Amino acid sequence: MTLLKITGMGHPVLRHIAEPVTDPLDPEIARLAADMIETMRDAPGIGLAAPQVYRPLRLIVFEVPQGRQEEGEPPAPGAPTVLINPEIVPLGDDTALGLEGCLSIPGFRGLVPRWRRIAYRGLGLDGEVIEREAEGLHARVVQHEVDHLDGVLYLDRLRDLADLALDAEARHLADRA
């Protein structure tokens, strides 16, 4: 496996709609996904989208650490998840503010409104459909990564620039979530 270079904010690949993966069983897709998981963990992060490693494809990886979930949240999958051509459907109109950061925007965190509960679906590396419901951090990370596939950064979702802070000062934002 190889550590990949992470795209920084300002590169055009982060602002374009990613192309669907046409052959989910292509060994190059499996290799890319494995490299993305290694890169995500090394960064360290909990999600990564292919455009963040200069690949304009509809592919995301994520792994929600059990210790980062809020009390009462249903458990997220324990192993890393690879989703090819993912789709999201909100389950209700309820939204929640939560702190988010991004490997492509290092050094900052923002209070971002997201749907509390979602259903998502996509293909796994075996070509089989993955369908799940998610809430809490699990739902937040999937929404964040799918946004990358549509050329959207979490900064675009901020209600106000007052909801953005340097990492070292983000604890002040957390009180408002």
Side-chain angles (χ1 to χ4, degrees), residues 1-21 28-29 31-65 68-70 76 80-88 90 95-116 118 120 122 134 136-177:
M1 288 186 274
T2 304
L3 288 178
L4 304 171
K5 184 174 179 184
I6 296 174
T7 313
M9 184 177 73
H11 193 283
V13 73
L14 292 176
R15 291 307 196 166
H16 292 283
I17 295 174
E19 295 294 321
V21 173
E28 287 298 314
I29 295 299
R31 187 171 302 115
L32 174 61
D35 290 346
M36 286 173 61
I37 290 168
E38 184 176 356
T39 301
M40 171 188 72
R41 287 175 167 170
D42 181 71
I46 63 171
L48 192 65
Q52 290 182 275
V53 292
Y54 300 90
R55 299 291 299 272
L57 296 170
R58 298 191 77 76
L59 168 67
I60 67 170
V61 300
F62 64 91
E63 182 174 38
V64 181
R68 298 236 347 235
Q69 291 186 267
E70 305 236 346
T81 298
V82 176
L83 277 182
I84 298 168
N85 301 329
E87 301 170 1
I88 293 175
T95 61
L97 283 176
L99 267 181
E100 291 185 25
C102 182
L103 297 176
S104 293
I105 310 169
F108 290 90
R109 299 251 181 250
L111 272 180
V112 181
R114 298 275 185 196
W115 290 304
R116 285 185 188 273
I118 62 167
Y120 64 85
L137 183 59
H138 182 187
R140 182 169 293 280
V141 70
V142 172
Q143 291 172 78
H144 178 108
E145 298 311 328
V146 171
D147 268 357
H148 278 299
L149 305 181
D150 295 327
V152 176
L153 300 175
Y154 82 86
L155 298 175
D156 301 325
R157 297 207 180 272
L158 294 176
R159 299 169 307 169
D160 186 277
L161 277 179
D163 289 340
L164 183 66
L166 292 169
D167 280 340
E169 303 298 335
R171 68 186 180 283
H172 301 295
L173 291 179
D175 297 338
R176 297 186 1 223

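Note that the coordinates shown come from a computational prediction; the quantities given were computed from them, not determined experimentally. As a basis for the values below, the full set of heavy atoms in this structure was taken, side chains included, without hydrogen atoms, waters or symmetry mates.
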**Fill in**
Heavy-atom closest pair (Leu103 atom, Pro44 atom, distance to 0.1 Å) is CD2-O, 3.8 Å

**Asked** With side chains defined as the heavy atoms from C-beta onward, is the minimum distance between Ile118 and Val142 less than 4.5 Å?
**Response** yes

**Message:** Please determine whether ring-ring contact (aromatic ring centres under 6.0 Å, His included) holds for the pair His138 and Tyr120, giving the CA-CA distance in whole Å, both sets of side-chain angles, and the decisive distance to 0.1 Å.
**Reply:** CA-CA 11 Å; His138 182 187; Tyr120 64 85; 5.5 Å; yes

**Item:** Heavy atoms from other residues, nucleotides or ligands near CG of Leu161 exceed 12 (cutoff 6.0 Å)
**Value:** no

**Prompt:** Under a 4.5 Å cut-off applied to non-hydrogen side-chain atoms, are Leu164 and Leu155 in contact?
**Reply:** yes

**Request:** Determine whether Val61 and Leu83 make a side-chain contact, defined as any pair of heavy atoms from C-beta on separated by less than 4.5 Å.
**Result:** no

**Prompt:** With side chains defined as the heavy atoms from C-beta onward, is the minimum distance between Glu100 and Phe108 less than 4.5 Å?
**Reply:** no

**Item:** Residue pair Pro80 / Arg41, side-chain heavy-atom distance below 4.5 Å
**Value:** yes

**Message:** Atom CZ of residue position Arg55 - does it have more than 12 heavy atoms of other residues, nucleotides or ligands inside 6.0 Å?
**Reply:** no

**Asked** Would you call Val112 and Gln143 a side-chain contact if the rule is heavy atoms closer than 4.5 Å?
**Response** no

**Request:** Identify the two heavy atoms, one from Ala43 and one from Ile6, that lie closest to each other, and give their separation to 0.1 Å.
**Result:** CB-CD1, 4.1 Å

**Prompt:** Any sub-3.5 Å donor-acceptor pair from Asp147's side-chain atoms to Val152's backbone N or O?
**Reply:** no

**By side chain to side chain donor-acceptor pair (under 3.5 Å) - contacts of Arg116 (at least two apart)** = Asp94

**Message:** Donor-acceptor check, side chain of Asn85 to backbone of Val21, threshold 3.5 angstrom: yes or no?
**Reply:** yes

**Message:** Can you confirm whether the side chains of Gln52 and Thr7 place a donor and an acceptor under 3.5 Å from each other?
**Reply:** no

**Item:** Nearest heavy-atom neighbours spanning Ala49 and Leu149
**Value:** CB-CD2, 4.1 Å

**Asked** Do NZ/NE/NH1/NH2 and the carboxylate oxygens of Asp150 and Arg58 come within less than 4.0 Å?
**Response** yes

**Asked** Is there side-chain contact between Ile46 and Phe62, with heavy atoms separated by less than 4.5 Å?
**Response** no

**Donor-acceptor under 3.5 Å (Asp160 side chain, Ala162 main chain)** = yes

